[in-house]
Amino acid sequence: MPLLIVESPKKAKQIASYLGRDWTVKACFGHVRDLPAKKEEIPVKYRAQAWARLGVDVEGGYTPIYVERAKANVLAELRAAVKAAKGDVYLASDPDREGESIAWHLSVVLGLKDARRVTYQEVTKAAIQKALQSPRPINLALVAAQESRRILDRLAGYGVSPLLWDAIGGPQSAGRVQSAALMLLAQREQARMRFVPAGYWRVAAQVGTTPPFQATVQAIRGLPLATAASFTPQGQLKEGLEVAQLDAQKAEGLRGYLEGREAEVTGIEVSPVVRRPPPPFTTSSLQQAAGARLRFSVETTSRAAQSLYEQGLITYIRTDSPALSDEALELARVAVQERFGQGALPPAPRQYATRNANAQEAHEAIRPAGDFKAPKATGLSGDELALYTLIYTRTVASQMQDALGEKTTVRLQAGVVTLGATGTRLTQRGFTALYEDEAEDADDQALPALTVGQRVGLSGVKVEEKKSSAPPRYGEGAFVQLMEKAGIGRPSTYASTLKTLQGRSYVAVRGRKLHVTPLGLCVAMYLMQQLPQLVDARFTAEMERELDTIAQGALKRTVYLDRVWREALQPAIARAQRTSPRLRVPGQEAVFEVQGGQVSLRTAQGVVTLPPELLPEDLNEQSIAALLAGTWKVGRGVRAERVPASSDVDKPARAPRRKKGEAGTTKAPRKSRQAGGSRKGKRL
DNA sequence: CAGTGAGCGAGCTTCCGCTTGACTT
């Protein structure tokens, strides 16, 4: 009886139902071998080698040591199944670089002579049967690309981390993905600390039509009024920009000038607006949307999605492709037709392509599985119902018509002052019909019918001083999307990278935003100075290009690894200073110092060890004085948790217990270090 | 003489990516 091996047990069950009793289908649960993680995993015969710690013979052609990683019973079951199949085995791991590698490791571990590799893009009976008819040998060039990736990550991670043990102290870590991610966050944090806000004024008047509408001052004597975009991050007016700047007195004068004055409509522009439905979900866009709309953390989303997948309600959850299978396109179109009628459907199904250059597209989009159960029919509740509804709605919406409308821009002249207003009106709701519970854009207003030359009255003039704001900190979802765009990490690792950064206390979540801790800033700055190539997101982009060349058979693995290791990383590690970094705190007369994994703040008045919950945003003159006096407490001088905006009120209520858990995650590892650190517990 | 404590030295920490339960708390 032939044997088919796939990665996921869920998929195995599905495929077994297609193939019937003539086949055995087994899961290998992902990778079955890996480099040894720690000393006791290194086979005894290698332990004396200088390179043994790395698990890769860097002197002998980068030969890796592989040890079995899978749970013992998994491999035992596979071996028994291979025996029963008399070697008639098909390897159907995922159709990407990692999947090819898994197939190769399986062929070695299971002693398969002429391994038969099969791949398919969608899990349907027809696709599987077709795939089984054309098995091919394992693509060893693609395996070499994966092996290069694995070795590079090991050399970078295990090569650089020890520098941090010396320079920072404690169980610190560095890696191609986590350090580049940390750097992105640190750069944003630094940009915020350096940011100098600039003041500007917004002046708006009510226009006395029926209905009335709001118009804002655009220009005075033809000179545009300064806005946030007129200033540099240093708070200076941008070079060569001529704008009108107000102060309190001038703004008040302008108010008096406009109040009760008559204005003339001098221009009306109407332009068409087309809004396309958003594409079906990938791992990263689902995490982003669930964060924004349901206020889920990345971890909450991952957990709920995994459960929905296991219940057979949605397709595979770790994917970088927004594409829908033909079957799914049809089911989504049926759902649209049943609810909104034929008119809501575009003539042809909409197919979506990824815009991500690194996408491997081994799976389709995240969508309802099977027969597209309506959310109400699933019997779900709580987080899972909310997430399923989000996925269902997004999938169905993706097969609906565009929303069409027109945007009207009006210009008014009142003496020397030019005012403007815009309004958008939808003429065809299209997919937005599915999102009717949504609040409209705050800027959108209905404009009355106007004609050029018409005279209208201004009243209720409001002047408001505003400040340009620093680039915002990332929320978890937005950051996952940034990682994807930068090409660092994979759908299966976005959540765990965030967890690693928090577990190491480099990053903390406060008010649903990602903050870099003082320790994270010190680590990032140290790496930036000593190993700039590692923290550069372009390192990964370059790696991906080279791996592609290896996969095409046009570049030798050893040649590439020599270039990144022997000629670049290894000498940089050898040259690196191992002294602890000092980091000036922007805007303060203070310096971060770090010793034994502990960050202290040094000022002219003295030195104080920073409490673990202190974040850079907490530092100002008052808090530094309190720290030195030993009276600082978290929450003092920190804005209270944001009260939900009114538009959030109708969203599903979130259980408060989760917030508590999130706040706790950053504390535990630090405590263990302070206690002397012999605790072996793995938190990650 | 037995117990205590200071001081010293050795050993440890770590990567990324693929997949799920089986464990506690």
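Naming: A, B, ... by sequence-line order, numbering from 1 per chain. These figures come from a predicted structure and were not determined experimentally.
Nucleic acid contact for R33(A): none, since no nucleic acid atom lies under 4.0 Å from a heavy atom of the residue. Across all strands, Y494(A) comes closer than 4.0 Å to no nucleic acid atom at all (heavy-atom distances). As judged by a 4.0 angstrom heavy-atom cut-off over every strand, G30(A) is placed among the base-contacting residues. G489(A) comes within 4.0 angstrom of sugar-phosphate atoms only, judged by non-hydrogen atoms across all strands, and of no base.
Enclosure of atom CZ in R538(A) is not indicated, since only 12 or fewer non-hydrogen atoms of other residues, nucleotides or ligands lie within 6.0 angstrom. Surrounding NZ of K373(A) are at most 12 heavy atoms belonging to other residues, nucleotides or ligands under 6.0 Å away.
Counting only heavy atoms from C-beta on, T493(A) has its side chain closest to dG17(B) among dT20(B), dG17(B), dC15(B). Listed nucleotides dC15(B), dT19(B), dC16(B) differ in distance to D153(A); the shortest reach to its side chain belongs to dC16(B). Side-chain proximity of Y316(A) to the nucleotides dC16(B), dT14(B), dT19(B) is greatest for dT19(B). Here dC15(B) is the nucleotide among dC15(B), dT20(B), dC18(B) with the atom lying nearest to any side-chain atom of R504(A). When each of dG17(B), dC15(B), dT14(B) is scored by its nearest atom to the side-chain atoms of R154(A), the top-ranked nucleotide is dC15(B). Listed nucleotides: dC18(B), dT20(B), dT14(B). Nearest to the side chain of H31(A): dC18(B). Residue D34(A) places its side chain closer to dC16(B) than to any other of dC16(B), dG21(B), dC12(B). When each of dT14(B), dT19(B), dC16(B) is scored by its nearest atom to the side-chain atoms of S8(A), the top-ranked nucleotide is dT19(B). With dG17(B), dG21(B), dC15(B) as the choices, the nucleotide that has an atom nearest any side-chain atom of T500(A) turns out to be dC15(B). Taking the side chain of A37(A) as heavy atoms from C-beta on, and the options dT14(B), dG17(B), dC15(B), the nearest nucleotide is dC15(B).
Under a cutoff of 6.0 Å and an axis angle of 45°, R117(A) and Y90(A) do not form a cation-pi pair.
Distance, K13(A) NZ to dG21(B) P: 10 Å, rounded to whole Å. Atom OH of Y66(A) and atom C1' of dC16(B) are 12 Å apart (whole Å). Separating the CG atom of L54(A) from the C1' atom of dT14(B) is a distance of 11 Å, rounded to the nearest angstrom. A straight line from NZ of K499(A) to P of dG17(B) spans 17 Å, rounded to a whole angstrom. What separates CH2 of W51(A) from P of dC15(B) is a distance of 21 Å, to the nearest Å. Counting to the nearest Å, the P atom of dG17(B) and the CD atom of E147(A) are 16 Å from each other. Rounded to whole angstrom, the span from the CG atom of N358(A) across to the P atom of dG17(B) amounts to 11 Å. To the nearest angstrom, C1' of dT20(B) lies 15 Å from CZ of R303(A).
Of all heavy-atom pairs between V109(A) and R33(A), the closest is CG2-CD, 3.4 Å. Q121(A) and A362(A) make their closest contact through OE1-O, 4.2 Å (heavy atoms, listed as atom of the first residue, atom of the second, distance).
By the stacking rule of 5.5 Å between ring centres and under 30° between planes, Y158(A) stacks on the base of dT14(B). Stacking between W165(A) and the base of dT13(B) is present: ring centres sit under 5.5 Å apart and the planes differ by under 30 degrees.
You won't find any donor-acceptor pair under 3.5 Å spanning the side chain of R490(A) and the base of dC18(B), going by distance alone. Checked by distance alone, R150(A) brings a side-chain donor or acceptor within 3.5 Å of a matching partner on the base of dC15(B).
For the residue pair Y66(A)/E147(A), the side-chain donor-acceptor check at 3.5 Å is satisfied.
Phosphate proximity of dG17(B) to R176(A): present, with a side-chain N or O under 4.0 Å from OP1 or OP2. Taking 4.0 angstrom as the limit, Q178(A) places a side-chain polar atom (N or O) nearer than this to OP1 or OP2 of dC15(B). For the OP1/OP2 pair of dG21(B) and a distance below 4.0 Å, the side-chain nitrogens and oxygens of K71(A) include no atom meeting the criterion. For S173(A), a side-chain nitrogen or oxygen approaches OP1 or OP2 of dC15(B) to under 4.0 Å. For R318(A) and dT20(B), the shortest distance from a side-chain N or O to OP1 or OP2 is below 4.0 Å.
Nearer the 5' end of DNA chain B, as judged by each residue's closest nucleotide, is the contact made by L35(A), out of D94(A) and L35(A). Toward the 5′ end of DNA chain B lies the nearest nucleotide of D166(A), the other residue of the pair V32(A) and D166(A) mapping further downstream.
In this structure the side chain of R318(A) reaches within 4.5 angstrom of the side chain of Q306(A), judged on heavy atoms.
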